[in-house]
Asker: 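Got a structure for you, questions after.
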Protein chains: 2
Amino acid sequence: MACCEMKGYLTYLILWIIGKKSSNGAEIGRELEKRRGTAPSPGTIYPALKDLRNKGLIDVDDDKNYSLTAEGKKELSIACKFFCNIFYDVEEMIKHCK
Amino acid sequence: MACCEMKGYLTYLILWIIGKKSSNGAEIGRELEKRRGTAPSPGTIYPALKDLRNKGLIDVDDDKNYSLTAEGKKELSIACKFFCNIFYDVEEMIKHCK
DNA sequence: GATGAAGTATTGGATATCCAATTAAATAAT
DNA sequence: ATTATTTAATTGGATATCCAATACTTCATC
C-alpha cells in the first residue's frame with residue numbers, strides 16, 4: 001500500500017474474531033492471514049493476546065483456547081460501534097471497490 | 001477505547017473523504033470529527049495531507065482545496081479493496097452493534 | 001482599519017502497532 | 001523412540017501514527 005499501512009485494526013480484529021468463535025493462537029493467525037494476505041508474526045499475535053488478557057477482555061483455557069470474557073463482550077460492542085461510526089459509509093466503499 | 005485505539009485508518013480515511021468530495025483541510029477535519037467523535041489536531045491533518053501530496057496522490061489548488069490525482073484514485077481503489085478484504089464481514093459488525 | 005475568528009502549516013515528540021529472531025513446548029509422522 | 005512440524009511465547013526494537021504547542025495567514029466583523 002503506497003498511501004497507508006492501515007495498522008491499528010489488529011487488536012480490534014482479534015477481539016472480533018474471538019467473539020465469532022473461540023480459537024487458539026494459530027487459528028486466529030490463519031484467520032488474519034486470510035483477511036490481510038500476510039500472516040501475522042508470532043511477535044504480533046501473542047503479545048496482543050497477552051495484552052487483551054491483562055485487560056480482562058479475554059480468557060484462555062488449558063487447551064490454549066481464547067474466548068471473550070463478559071467484559072470483553074462489552075468492550076467489543078463499544079469498539080464495534082466506534083468502528084461502524086468511523087466507517088458509516090462502508091457500503092459505499094464496498095461498492096466502490098467491486 | 002479500552003481494547004484498541006484503532007489508529008492507522010486516518011490516512012486512508014482522508015483519501016476516501018477527498019475522493020468523495022474535494023475539500024480543504026478544515027472541511028476534512030470536520031468530517032473526521034463527525035466520524036471519530038473528536039477533531040483531529042492540525043498536527044495530524046496537515047502532515048498527513050503533505051505526505052499524500054509528496055506521494056503524488058493528492059493535489060492542492062490556490063484555494064487550498066485538496067483533490068485526488070489520477071494516481072490517487074488508483075491508490076484509493078487498491079486501499080479500498082484491501083480494507084474491504086480485511087473487513088469482509090463488516091455487515092455482521094454493523095448488525096452486531098445495532 | 002482594527003480585532004477576533006477560522007484556516008493553514010511546522011516541529012518535535014509520545015505512544016501504538018507490529019515484526020524478526022529466538023526459544024521452548026506439544027503434537028504428528030516416520 | 002526419534003525426527004519433523006505445529007503451536008506458543010518472549011524480547012527488543014523499528015516504524016507508523018497521531019497529537020500538543022506554536023506561529024502565521026486569511027477572512028469576517030465591528
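Letters A, B, ... mirror the listed sequences (proteins, then strands); counts begin at 1.
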Asker: Using atom OH of A:Tyr46 as one end and atom P of C:dA21 as the other, report the distance to the nearest whole Å.
Answerer: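 So the OH-P distance, A:Tyr46 to C:dA21, works out to 18 Å.
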Asker: Measuring to OP1 and OP2 of D:dA8, would you say a side-chain N or O of A:Lys50 lies under 4.0 angstrom away?
Answerer: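 A:Lys50 to D:dA8 OP1/OP2: no side-chain N or O under 4.0 Å.
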Asker: Mind calculating the distance between CD (B:Glu27) and C1' (C:dT8) to the nearest angstrom?
Answerer: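 After rounding, the gap between these two atoms is 13 Å.
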Asker: What is the distance from atom CH2 of B:Trp16 to atom CG of B:Leu10, rounded to the nearest 0.5 Å?
Answerer: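 Going from CH2 on B:Trp16 over to CG on B:Leu10, the span is 15.5 Å.
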Asker: Just wondering, do B:Asp63 and B:Asn24 contact through their side chains at under 4.5 Å, heavy atoms?
Answerer: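 They are not in side-chain contact.
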Asker: Establish, yes or no, whether a centroid distance under 6.0 Å links the rings of B:Phe87 and A:Phe83.
Answerer: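 So the answer is yes for these two rings.
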Asker: Send over the distance from A:Asp63 CG to D:dA8 P, rounded to a whole Å.
Answerer: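 Distance, rounded to whole Å: 10 Å.
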Asker: Which comes earlier along DNA chain C counting from the 5' end, the contact point of A:Pro42 or that of A:Lys7, where each point is its nearest nucleotide?
Answerer: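 Result: A:Lys7.
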Asker: When the distance from CG of B:Asn54 to C1' of C:dA9 is rounded to whole Å, what number comes out?
Answerer: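 To the nearest whole Å, that distance equals 13 Å.
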Asker: Of A:Leu49 and B:Gly8, whose closest DNA chain D nucleotide lies nearer the 5' terminus?
Answerer: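 Its nearest nucleotide lies further toward 5', so the answer is A:Leu49.
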Asker: Taking everything shown except A:Lys20 itself, do over 12 heavy atoms lie less than 6.0 Å from its NZ?
Answerer: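 Yes, the 6.0 Å shell around NZ holds more than 12 heavy atoms from other groups.
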Asker: Rounded to whole angstroms, how far apart are CD1 on A:Ile45 and C1' on D:dA9?
Answerer: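 Spelled out: CD1 on A:Ile45 to C1' on D:dA9 is 12 Å.
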Asker: Below the 4.0 Å mark, does C:dC19 have OP1 or OP2 next to a side-chain nitrogen or oxygen of A:Arg36?
Answerer: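 The answer is yes; a side-chain N or O of A:Arg36 sits under 4.0 Å from OP1 or OP2.
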Asker: Applying a 4.0 Å non-hydrogen cut-off, can you work out what A:Tyr12 is touching in the nucleic acid: base, sugar-phosphate, or nothing?
Answerer: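 Counting heavy atoms under 4.0 Å across all strands, no contact is made by A:Tyr12.
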Asker: List the atom of B:Cys80, the atom of A:Met93, and the distance in Å for their closest heavy-atom pair.
Answerer: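 That closest heavy-atom pairing would be SG-O, 3.2 Å.
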Asker: Taking the minimum atom-to-atom distance to the side chain of A:Ser41, which one of D:dA9, C:dC19, C:dT8 wins?
Answerer: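 That would be C:dC19.
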Asker: OP1 or OP2 of D:dC19 versus the side-chain N and O atoms of B:Thr44: is any pair under 4.0 Å?
Answerer: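 Yes, within the criterion.
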Asker: Figure out the CG/C1' separation between A:Leu10 and D:dT15, and round it to whole Å.
Answerer: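 Rounded to the whole Å, the gap is 15 Å.
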Asker: I need the CG-C1' distance between B:Asp51 and C:dA9, as an integer number of Å.
Answerer: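 To the nearest whole Å, that distance equals 15 Å.
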Asker: Nearest-Å distance, CG (A:Asp61) to P (C:dA26)?
Answerer: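 Distance, rounded to whole Å: 15 Å.
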Asker: Below 4.0 angstrom from OP1 or OP2 of C:dG7, is there any side-chain N or O of B:Arg30?
Answerer: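 Answer yes for this pair, as a side-chain N or O of B:Arg30 is under 4.0 Å from OP1 or OP2.
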